[in-house]
There are 2 protein chains.
Amino acid sequence: MKRITIKDVAAKAGVSHPTVSRVINDDPQISEPTKERIRAIMKKLGYRPNLIARGLVKKKTQVFALVIPDLNPHVQPIVRGVIDECRRRGYGLMLFSTEYWTKEDETYSYVVSNWRVDGVLIYNVVHHERLTEDVRQLKAENVPFVFINKYLHKKNVNTVAIDNSQAVRQAVENLAGLGHKRIGILNGSLMAVDGVERFEAFKESLARLGLKFDERYVGNANFSDSEAAEEARRILALPDRPTAMFCANDLMAMGAIRAAEAMNLRVPADVSFIGFDDLEAGHWFKPALSTLRPPLRDVGGRAIDLLLKAIEDPRRKPEQVPLLAKLVLRDSCGPAPKN
Amino acid sequence: MKRITIKDVAAKAGVSHPTVSRVINDDPQISEPTKERIRAIMKKLGYRPNLIARGLVKKKTQVFALVIPDLNPHVQPIVRGVIDECRRRGYGLMLFSTEYWTKEDETYSYVVSNWRVDGVLIYNVVHHERLTEDVRQLKAENVPFVFINKYLHKKNVNTVAIDNSQAVRQAVENLAGLGHKRIGILNGSLMAVDGVERFEAFKESLARLGLKFDERYVGNANFSDSEAAEEARRILALPDRPTAMFCANDLMAMGAIRAAEAMNLRVPADVSFIGFDDLEAGHWFKPALSTLRPPLRDVGGRAIDLLLKAIEDPRRKPEQVPLLAKLVLRDSCGPAPKN
DNA sequence: CTGTTAGCGCTTTCAT
DNA sequence: ATGAAAGCGCTAACAG
């Protein structure tokens, strides 16, 4: 059960093993006919380079690490994107979870020093400010890293993130364009980056459009449909209820719409709703959900791109890549009611 | 930026580097005081063993591979379980997707030969019979592997899987116990293992209980809520409609219940429903969904266990581990109506 | 253009 | 109980 090595190939070809190595690495010094001949032999013997051995000398493992808090539905397409891109680029991907990491843990040291990965992708939805500590650890390990969906506005780290400001602004501007003046929000958890950013962006957008921000129109629904329904019931019962609601995710939008309908409000005739995520369910939902579609699948690819650039040129200055969500208009929002 | 090696530690301790190696591997030959002393030095210098170098000589990487088709919600808790267990056992985890793998690809060879993983976990929901080819490849690579949620009844491979037969039987027996005679099914995709197995188990359970299996009560809804709603509308419009429906997942159950309600049927007074998965949403749903709760989080741990056993004793004969789902009774099923 | 030599950081005989 | 020497499979000088 011994595996074929470079030396077996060399012996069969009647050359030295470094020559085979050069063929593998496509060294231009080797003549084309020799290359062809040796490649044929490698193929015939079923030779596979041993990345472990190569890693030992090159100090490169051809493996990246992806560190995530948990596998929520948001993370899925991102992970998929990362896997695909790694495969395309000839990298392997190791997956780590931060879930049980404690403060005392040398979290990133574990990933980098132990597994000798060539780069780290960090997806961390929690809004908790560990930034400085994380970055310190990572820099100490001297490994390139990029953050995903976080720290888009920090100039000293590599980041790829959905641009919440741009996304929310589109939604609010669209509602304003439809004549809505009283616009409410069902917000996600303020423990999460997305929750905070979308809320801030919402307030800014209203301000920019000269619309009033009304505390009473704010529902904190924690990204959950049932909580959204509850908050929607409260907000829509107000005498001067909003005529449109921006919802920080589709789940909440759907929960809220069902609640509105249960109150005999017509959507979108009486109230308009717009969500965020573009869940598949939003297609099937009635009324079909207007929403913001974040290019999640691209996130992974762009993150790997950045990582690769950082590897090529270690003194390259950090870059922040905002990814733009697309406004998808369907049936859940319409012109503001006349009254 | 040079990393601390075994030699640095040896120099500092005034011993030879193999001695340090022995300490790392807790060789009983080394005296306890020496061990203590050297361990202290390792700690002080911040030494981390280089698994790559170790891997080269031991021909073990301390890494497992998890191969999945995609990251659907089902897979999440399983992946989480696998990650956690790997971490506990000191293994790393590489993640691969089969999505774009074609027939010609040497899929598992790629994973094993290229990345030299110590074992492979395979989660493959598609019912397509690649078993023999997959197993052939894996055996040729001489690497331990275990299937997840598949091939529970093949005696020649290691498997950890939710026992669909046992699960579905519980559900059907419970409905029968409530007096239901006409029991229908909303089935998942027959392209998926779970779809096929649950359907078969459903028919067997009816037979065992002496209940009639009626083709008209079968809805093929592809694991989707909207398709389930559609099929439910058709089935519940029958003059002799079923009084209970087993649904192969919660999503379909919820879709079907909403459809039933829209037909002015009361749940569970007129029709009972029971789902599968125990989604979080089922808690919040009204009526709270009765369902089967598969111990998904355990799957990963058990799979790693099997893998480790297979590594310890390569000539160990394959084992099939069925994991039992728990029947969770809530409000969506009740006694059969009198008429 | 290709072969020789050395070495990546570790474990593993074999001595002592 | 510990050291010396060899080698895992590969790449990187340095020759020639």
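No hydrogens, no waters, no symmetry mates; every other heavy atom, side chains included, goes into these values. Chain A is the first sequence line, chain B the second, and so forth, proteins listed ahead of strands; every chain is numbered from 1.
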Item to complete: Taking the six-membered ring of A/Tyr110 (Phe, Tyr or Trp), confirm whether the NZ or CZ of B/Arg87 is under 6.0 Å from its centre and within 45° of its axis.
Response: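 Because its charged atom sits under 6.0 Å from the ring centre and within 45° of the axis, B/Arg87 does stack over A/Tyr110.
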Discussion item. Any N or O donor-acceptor pair under 3.5 Å from the base of C/dT11 to the side chain of B/His17?
Written reply: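 Pair found.
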Discussion item. Looking at A/Arg22 and C/dG3, is any side-chain donor or acceptor paired with a base atom of the opposite kind under 3.5 Å?
Written reply: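 Result: at least one qualifying N/O pair found.
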Worksheet item: What is the nucleic acid contact for A/Thr5, judged by heavy atoms within less than 4.0 Å: base, sugar-phosphate only, or nothing?
Response: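 A/Thr5: backbone/sugar contact only, no base atoms under 4.0 Å.
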Practice prompt. Select base, sugar-phosphate, or nothing to describe what A/Ser21 touches, counting heavy atoms under 4.0 Å on all strands.
Written response: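 Base contact - A/Ser21 has a heavy atom under 4.0 Å of at least one base atom.
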Discussion item. Check this for me: A/Lys12, atom NZ, are more than 12 non-hydrogen atoms of other residues, nucleotides or ligands nearer than 6.0 Å?
Written reply: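 12 or below, so no.
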Practice prompt. Name the residue closer to the 5' end of DNA chain D, choosing between A/Ile6 and A/Gln29 according to the nucleotide with the nearest heavy atom.
Written response: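 The residue closer to the strand's 5' end, by nearest nucleotide, is A/Ile6.
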Item to complete: Provide the closest heavy-atom pair for A/Gln320 versus A/Pro322 in the form atom of the first, atom of the second, distance.
Response: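 Heavy-atom minimum between the residues: O-CD, 3.3 Å.
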Worksheet item: Going by atom types only, do A/Asp194 and A/Asn149 share a side-chain donor-acceptor pair under 3.5 Å?
Response: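 Not at all, the side chains of A/Asp194 and A/Asn149 share no donor-acceptor pair under 3.5 Å.
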Worksheet entry | 5′-ward residue of the pair B/Lys58/A/Pro18 relative to DNA chain C |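 Here A/Pro18 is the residue nearer the 5' end.
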Could you state the atom-to-atom distance from [atom1] of [X] to [atom2] of [N] in whole Å?
X       : N      : atom1 : atom2 : result
B/Asp26 : C/dT11 : CG    : P     : 13 Å
A/Leu51 : D/dT11 : CG    : C1'   : 13 Å
A/Ile30 : D/dA12 : CD1   : C1'   : 14 Å

